[in-house]
Amino acid sequence: MAEPVRKAFSVRRLPGFTAVTMICFAALYAPIIVIVLYSFNAGDSVALWEGFSLDWYAVAAQNEQVQEATLRSLVIALWASGIATTLATMAALGTTRTAKFPGSTFIYVMINQPLMVPEIVTAVALLIFFASIKVATGYSGLAYLILAHAAFCVPFAYLPIRARLEGMDRVLEVAAADLYATPWQTFRRVTLPLVAPGVVAGAMLAFVISLDDVIITEFVKSAGQDTLPTYMLGQLRRAVTPEVNAISTALLGLTVLLLTAFFILTGRNEKST
């Protein structure tokens, strides 16, 4: 007599799994949906719906403080993501295009240290480090914020670049070396074009992380250097207004677009490899 076929275990078949999942999704996304919905509220109440309107988006767009904070956030994010991606690319090459050596695991851990340590700890460390430089030099410009964001964003850019390099076939690089290409020529004409999708994905992820950062910015920034997230935090300390909802929705939309592009790009990378 044939034995009955046993179905593979699946957590989705556990009693109550669907209900718990729906509750978790509701807890995560219901507040975001409320913010988006009330950003289109015609009135100034954040609890009473008074009709559909785009007025608060116009108010936010005409607010000079919002304009300055947005421009500052974009400048910091662009510079920080560029620096972080450059460093992450060099680190990824150094940890994937060399033979295994003692301490390589330690280096990998140290590169990804900001992911494992609470962000508040990193923020305090950066505050102490940059405060001493500010006292010694008297300079208090945006460079500190850019460097702080870049330091925090390096592991976010490093992971997709390293994953891309590890998934690449090294046959073309070896062939280039056999054809007497220098290491620089091999990198510029072979490795870099192949790893470019991973570099772009890492840069986009670093840009989003820098754009949305609050804790490190709060600790490192000087007076008059509010980014868009810290400006919103300051407004929330006074009162929640539909203008803040509109800014939050716009920032959410930009983040979703960039993350969607990131996942599409990384998905294509996996298929191509």
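Annotation for P242 and G43: closest pair CG-O, 3.7 Å, computed over non-hydrogen atoms. The two atoms that bring A60 and I247 nearest to each other are CB-CG1, 3.8 Å, heavy atoms only. The two atoms that bring G198 and I161 nearest to each other are O-CG1, 3.5 Å, heavy atoms only.
Looking only at side-chain heavy atoms (C-beta outward), M90 and T86 come within less than 4.5 Å of each other. In this structure, the side chains of V59 and N63 stay at 4.5 Å or more apart for every pair of heavy atoms. Proximity of L115 to F156: side-chain heavy atoms (C-beta onward) are separated by under 4.5 Å at one or more points. At a threshold of 4.5 Å between non-hydrogen side-chain atoms, the residues I35 and S39 do not count as touching. Between F129 and Y144 there is no side-chain heavy-atom pair separated by less than 4.5 Å. Residues P229 and S73 form a side-chain contact, since some pair of their non-hydrogen atoms from C-beta on lies under 4.5 Å apart.
Screening residues 109-136 for side-chain hydrogen bond (donor to acceptor under 3.5 Å, both in side chains) gives K134-S222 as the qualifying pairs, with residues at least two apart or on separate chains. Evaluation of the salt bridge (Lys or Arg N to Asp or Glu O under 4.0 Å) test over residues 61-73, restricted to residues two or more places apart or in two chains, returns none.
Linking ILVMFWY residues whenever their side-chain heavy atoms come closer than 4.5 Å, directly or via other members, leaves V66 and W56 in distinct clusters. The hydrophobic cluster containing Y139 also contains L126, counting ILVMFWY residues as joined when their side-chain heavy atoms lie under 4.5 angstrom apart, directly or transitively.
Not counting sequence neighbours, the partners of E166 by the side chain to side chain donor-acceptor pair (under 3.5 Å) test are R162. Evaluation of the side-chain contact (heavy atoms from CB on, under 4.5 Å) rule for P118 yields I120, V121 as partners, not counting sequence neighbours. Applying the side-chain contact (heavy atoms from CB on, under 4.5 Å) test to M110 and every residue at least two apart in sequence or in another chain returns F106. With sequence neighbours excluded, no residue satisfies ring pair (Phe, Tyr, Trp, His ring centres under 6.0 Å) with Y231.
Atoms CG and CG, from N245 and N41 in turn, are 9.0 Å apart once rounded to the nearest 0.5 Å. Summarising the geometry, atom CD1 belonging to I23 is positioned 11.0 Å from atom OG1 belonging to T18; distances are rounded to the nearest 0.5 Å. The OG1 atom of T89 lies 7.0 Å from the CG atom of L93; values are rounded to the nearest 0.5 Å. How far CG of L233 is from CG of L228: 11.5 Å, rounded to the nearest 0.5 Å.
The hydrophobic cluster around V109 extends to M116, counting ILVMFWY residues whose side-chain heavy atoms fall within less than 4.5 Å of a member. Within the hydrophobic cluster formed by Ile, Leu, Val, Met, Phe, Trp and Tyr side chains joined at under 4.5 Å, directly or through other members, Y180 stands alone, with no partner residue. Grouped by direct or indirect side-chain proximity (heavy atoms under 4.5 Å, Ile/Leu/Val/Met/Phe/Trp/Tyr only), Y57 sits with F25, L28, Y29, I32, V34, V36, L37, Y38, F40, W49, F52, L54, L252, V256. Residue V135 is found outside any hydrophobic cluster, as its side-chain heavy atoms come under 4.5 Å of no other Ile, Leu, Val, Met, Phe, Trp or Tyr.
Under a 3.5 Å cut-off, the side chain of T85 and the backbone N or O of G82 do not form any donor-acceptor pair. With hydrogens and angles ignored, the 3.5 Å screen pairs no side-chain donor or acceptor of T230 with any backbone N or O of D226. Judged purely by atom type and a 3.5 angstrom limit, T96 has no side-chain atom pairing as donor or acceptor with the backbone of L165.
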Listing, residues 199-220 side-chain donor-acceptor contacts under 3.5 Å, not counting sequence neighbours, or none:
from : atom 1 : to   : atom 2 : distance (Å)
S210 : OG     : H149 : ND1    : 2.7
D212 : OD2    : T255 : OG1    : 3.4
D213 : OD2    : I216 : N      : 3.2
D213 : OD2    : T217 : N      : 3.1
D213 : OD2    : T217 : OG1    : 3.2
T217 : OG1    : H149 : NE2    : 2.8
T217 : OG1    : D213 : O      : 3.4

Please list every donor-acceptor pair under 3.5 Å in which a side-chain atom of residues 186-196 meets a protein atom from a residue at least two apart or in another chain.
from : atom 1 : to   : atom 2 : distance (Å)
T186 : OG1    : T182 : O      : 3.0
T191 : OG1    : E173 : OE2    : 2.5

Fill in: L142 and W79: CA distance, side-chain angles, deciding distance, side chain to side chain contact (heavy atoms under 4.5 Å, CB included) verdict
CA-CA 10 Å; L142 280 182; W79 276 101; over 6 Å; no
